[in-house]
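Before any comments, here is the structure.
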Amino acid sequence: MRRRQRSAGTLQAQLYDRIRQAILSGALSSGARLPSARAMALEAGISRGTVDAAYARLSVEGFLVTRGAAGTFVTTPLPIPPLGASAAPPEQPRLPPRARAALRPFQVGVPAVDAFPVATWSRLLGRHARRARAGDLAHADPCGEPALREAIAAHLAVSRGVVTRAEQVMITGGYHGALGLLVHALARPGDRAWFEDPGYHRARAALELAGLRLAAVPVDAEGLDVARGAALAPRARFAFVTPSHQMPLGMALSLPRRLALLAWARGAGAWVIEDDYDGEFQRASAPLPALKSLDDQGRVIYAGTFSKSMFPALRLGFLVVPSGAQDALARVASLLHPAPSLAVQRAAADFLGEGHFARHVRRMRALYAERHAALSRALEELSSPHLQIEQRASGLHLIARLTGARDAEVVERADLLGLAPGALSSYQTCAATGRLEGLLLGFASLPAARARQAVRRLAQAIEQALAPGATRGGGAEHQASRRRSGLSPWRGPSRST
């Protein structure tokens with residue numbers, strides 16, 4: 001609007017027309033709250049009386065309704081359908097996705113959020129929200145809040161054997177934020193990278209989206225097959241590994257393999273990206289230290305996250321960066337991947353520094369041992385000839401190998417029964433050595449008292465998948481799983497990358 005050049009009546013007509021058109025076009029939806037007359041007047045640079053008059057006219061015509069101190073809202077339902085809308089009955093409200101409606105048994109990657117100390121976290125977060133100073137409203141360090149970086153460095157030295165300086169720690173938006181930072185800073189489209197097979201499918205998809213060419217390196221009882229990786233891609237630029245708890249199979253990378261991997265990286269000038277997946281929750285009596293603790297040549301970039309040890313919605317992760325990569329990563333952080341909000345970082349620093357994190361992890365280890373035992377007992381009682389349970393000493397899920405049924409089919413049936421197991425085949429890239437059929441059964445968010453009931457429903461899903469009328473490899477979910485695993489629906493295994 002051109003202020004001071006039009007009469008009040010013209011300004012009123014303009015405001016009336018703009019709000020009316022916004023409502024008719026759907027830009028202002030039914031039930032939307034409008035700014036107060038005072039706020040609208042300040043924003044538009046006109047008098048409050050002009051806004052009051054426009055609002056009053058729209059209210060008379062049925063477009064707006066005033067609800068006292070609550071404010072002014074678009075009428076529900078609208079007096080006429082929005083422009084371009086059909087005369088069909090109004091669309092029913094969309095139900096929220098099932099995964100958001102409630103936690104479902106066997107979900108992988110979801111910790112015991114029911115046991116997280118929400119009150120403590122809220123108090124810490126509120127403390128820093130209330131203490132915000134004028135200087136905090138300017139630009140923060142894109143590499144992260146110094147207090148949190150110091151707290152993480154101290155924590156890693158004690159818990160994971162990683163000795164680092166605070167300035168080598170970079171705060172990220174979770175693990176996928178760390179991946180984005182890494183590929184933007186250190187990779188070029190077309191670069192080769194080792195990736196575990198089977199491996200974390202979401203990370204695989206993210207790296208392929210970034211333009212990396214992944215070599216599917218098989219894993220065995222000792223973890224990543226380093227010799228096979230060197231044969232597949234000897235001059236690869238990266239190796240993405242989960243050495244403490246291989247995702248999804250659960251074994252730890254053996255010491256000889258760790259040393260071989262570091263030797264290869266040193267000779268090839270490659271970066272090893274260590275995803276310390278579930279590193280806090282190894283159930284072995286003497287957990288293995290991080291691979292980074294053996295790195296004396298600055299070739300390992302350690303990636304950690306608080307998604308499992310605290311809660312996933314926090315979206316807070318970190319990298320421990322060798323000096324040779326610091327400048328490149330800091331530059332990309334300042335341009336594309338700045339650290340999360342300052343209040344969240346400072347609250348997390350206090351959560352670690354005041355001992356809340358260590359106490360929470362100790363409680364969770366005990367709780368997870370209880371829930372793991374309850375699920376194991378329930379599966380043993382089931383005694384299904386179609387399930388073979390693999391026991392590992394780390395992680396927050398069990399692997400149940402399947403015989404006689406497709407895992408994608410079982411997952412689809414389980415979903416209809418309110419369960420959320422994962423299909424092992426979806427983590428596989430190349431099935432040249434045999435297709436993996438199995439279920440990932442997360443137990444962290446499954447209370448011990450509900451384990452038997454959940455296993456009974458799982459047995460029902462397996463029975464349905466085995467029924468004569470069940471589809472055998474023809475469903476959309478199964479075909480998608482075959483594509484993810486490198487299998488053509490018609491021609492069998494594709495060639496390994």
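Bear in mind that the values here come from a model prediction, so they are computed numbers and not experimental data. The chain is numbered in sequence order, starting from 1.
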>> For the residue pair Arg192 and Phe238, would you count it as a cation-pi contact if the rule is NZ or CZ under 6.0 angstrom from the ring centre and within 45 degrees of the ring axis?
In response: no
>> Is it the case that the side chain of Asp191 and the backbone of Arg237 share a donor-acceptor pair, with hydrogens and angles ignored and the cut-off at 3.5 Å?
In response: no
> Salt bridge check: are Arg346 and Glu354 linked by an N-O gap of less than 4.0 Å?
Replying inline: no
> Within a strict 4.5 Å, meaning less than it, do heavy atoms of the Ile171 and Cys143 side chains meet?
Replying inline: no
>> I'd like to know if the side chain of His360 and the backbone of Ser309 have a donor-acceptor N/O pair within less than 3.5 Å.
In response: yes
> Does Arg38 CZ have over 12 foreign heavy atoms under 6.0 Å away?
Replying inline: no
>> If we count only N and O atoms by modelled type, under 3.5 Å, do the side chains of Tyr16 and Glu61 hold a donor and an acceptor together?
In response: yes
> So, the side chain of Gln12 versus the backbone of Val51: is there a donor-acceptor pair under 3.5 Å, distance only?
Replying inline: no
>> Tell me whether Arg452 at atom CZ has more than 12 heavy atoms from other residues, nucleotides or ligands lying less than 6.0 Å away.
In response: no
>> Closer than 4.0 angstrom, basic N to acidic O: yes or no for Arg149 and Glu145?
In response: no
> Would you say the side chain of Arg204 lies within less than 4.5 Å of the side chain of Leu214, judging by non-hydrogen atoms?
Replying inline: yes
>> Under a 3.5 Å distance rule, please check whether Tyr368 uses its side chain to pair with a backbone N or O of Ala112 as donor and acceptor.
In response: yes
> If only atom types and distance count, is the side chain of Glu150 paired as donor or acceptor with the main-chain N or O of Ala147 below 3.5 Å?
Replying inline: no
>> Before you tell me yes or no, could you show the steps for Leu148 and Val169 under side-chain contact (heavy atoms from CB on, under 4.5 Å), namely the whole-Å CA-CA distance, both residues' side-chain angles and the distance that decides it to 0.1 Å?
In response: CA-CA 9 Å; Leu148 179 56; Val169 177; over 6 Å; no
> Cys430 and Gln428: which non-hydrogen atoms are nearest, and at how many Å?
Replying inline: O-NE2, 3.4 Å
> Should the heavy atoms of other residues, nucleotides or ligands under 6.0 Å from CZ of Arg331 be counted, would the total exceed 12?
Replying inline: no
>> So Met170 and Phe318, do their side chains get closer than 4.5 Å, heavy atoms only?
In response: no
> Going by heavy atoms in the side chains, are Pro105 and Arg457 under 4.5 Å from each other?
Replying inline: yes
>> If we count only N and O atoms by modelled type, under 3.5 Å, do the side chains of Thr72 and Arg33 hold a donor and an acceptor together?
In response: no
>> Counting C-beta onward and ignoring hydrogens, is there a side-chain heavy-atom pair between Tyr302 and Asp276 closer than 4.5 Å?
In response: yes
> Under 3.5 Å, is there a donor-acceptor pair between the side chain of Thr50 and the main chain of Ile46?
Replying inline: no
> Do Pro340 and Arg315 come within less than 4.5 Å of each other through their side chains, counting heavy atoms only?
Replying inline: no
> Given side chains that start at C-beta, do those of Phe106 and Leu446 come closer than 4.5 Å, heavy atoms only?
Replying inline: yes
> Any donor-acceptor pair under 3.5 Å linking the side chain of Trp194 with the backbone of Ala233?
Replying inline: yes
> Given Asp407 and Arg435, is the side-chain contact (heavy atoms from CB on, under 4.5 Å) satisfied, shown in steps?
Replying inline: CA-CA 11 Å; Asp407 55 8; Arg435 178 184 169 86; 3.8 Å; yes
> Considering all heavy atoms of both residues, which atom of Pro111 and which atom of Ser445 are nearest to each other, and what is their separation?
Replying inline: O-CB, 3.6 Å
> For the ring pair Phe240 and Tyr277, is the centre-to-centre distance below 6.0 Å?
Replying inline: no
>> For the CD1 atom of Ile19 and the CZ atom of Arg57, what is their distance to the nearest 0.5 Å?
In response: 11.5 Å
> Do Leu249 and Pro198 have side-chain heavy atoms sitting under 4.5 Å apart?
Replying inline: yes
> Under the 3.5 angstrom rule, does the side chain of Arg413 hit a backbone N or O of Ala465 as a donor-acceptor pair?
Replying inline: no
>> Once you measure the plane-to-plane angle for Phe306 and Phe357, does it fall in the parallel (<30°), tilted (30-60°) or perpendicular (>60°) bin?
In response: perpendicular
> Is the closest basic N to carboxylate O distance between Arg406 and Glu437 below 4.0 Å?
Replying inline: yes
> Is the CG atom of Asp327 crowded by more than 12 outside heavy atoms at less than 6.0 Å?
Replying inline: no
>> Please determine whether a side-chain nitrogen of the Lys or Arg among Arg131 and Asp350 lies less than 4.0 Å from a carboxylate oxygen of the Asp or Glu.
In response: no
> For the residue pair His397 and His372, is the inter-centroid distance of their aromatic rings smaller than 6.0 Å?
Replying inline: no
>> One pair to check against side-chain contact (heavy atoms from CB on, under 4.5 Å): Ile399 and Leu440. What are the steps and the verdict?
In response: CA-CA 5 Å; Ile399 293 285; Leu440 276 67; 3.6 Å; yes
> Looking only at atom types and distance, does a side-chain atom of Asp275 sit under 3.5 Å from a main-chain N or O of Thr242, one as donor and one as acceptor?
Replying inline: no
Would you give me the side-chain donor-acceptor pairs under 3.5 Å for residues 180-190, sequence neighbours excluded?
from: His184; atom 1: ND1; to: Gly180; atom 2: O; distance (Å): 2.8
from: His184; atom 1: ND1; to: His337; atom 2: NE2; distance (Å): 3.1

> For the side chain of Ser36 and the backbone of Ala39, is there at least one donor-acceptor N/O pair under 3.5 Å apart?
Replying inline: yes
> Can Leu24 and Phe63 be said to form a side-chain contact (heavy atoms from CB on, under 4.5 Å), step by step?
Replying inline: CA-CA 9 Å; Leu24 292 175; Phe63 288 98; 3.9 Å; yes
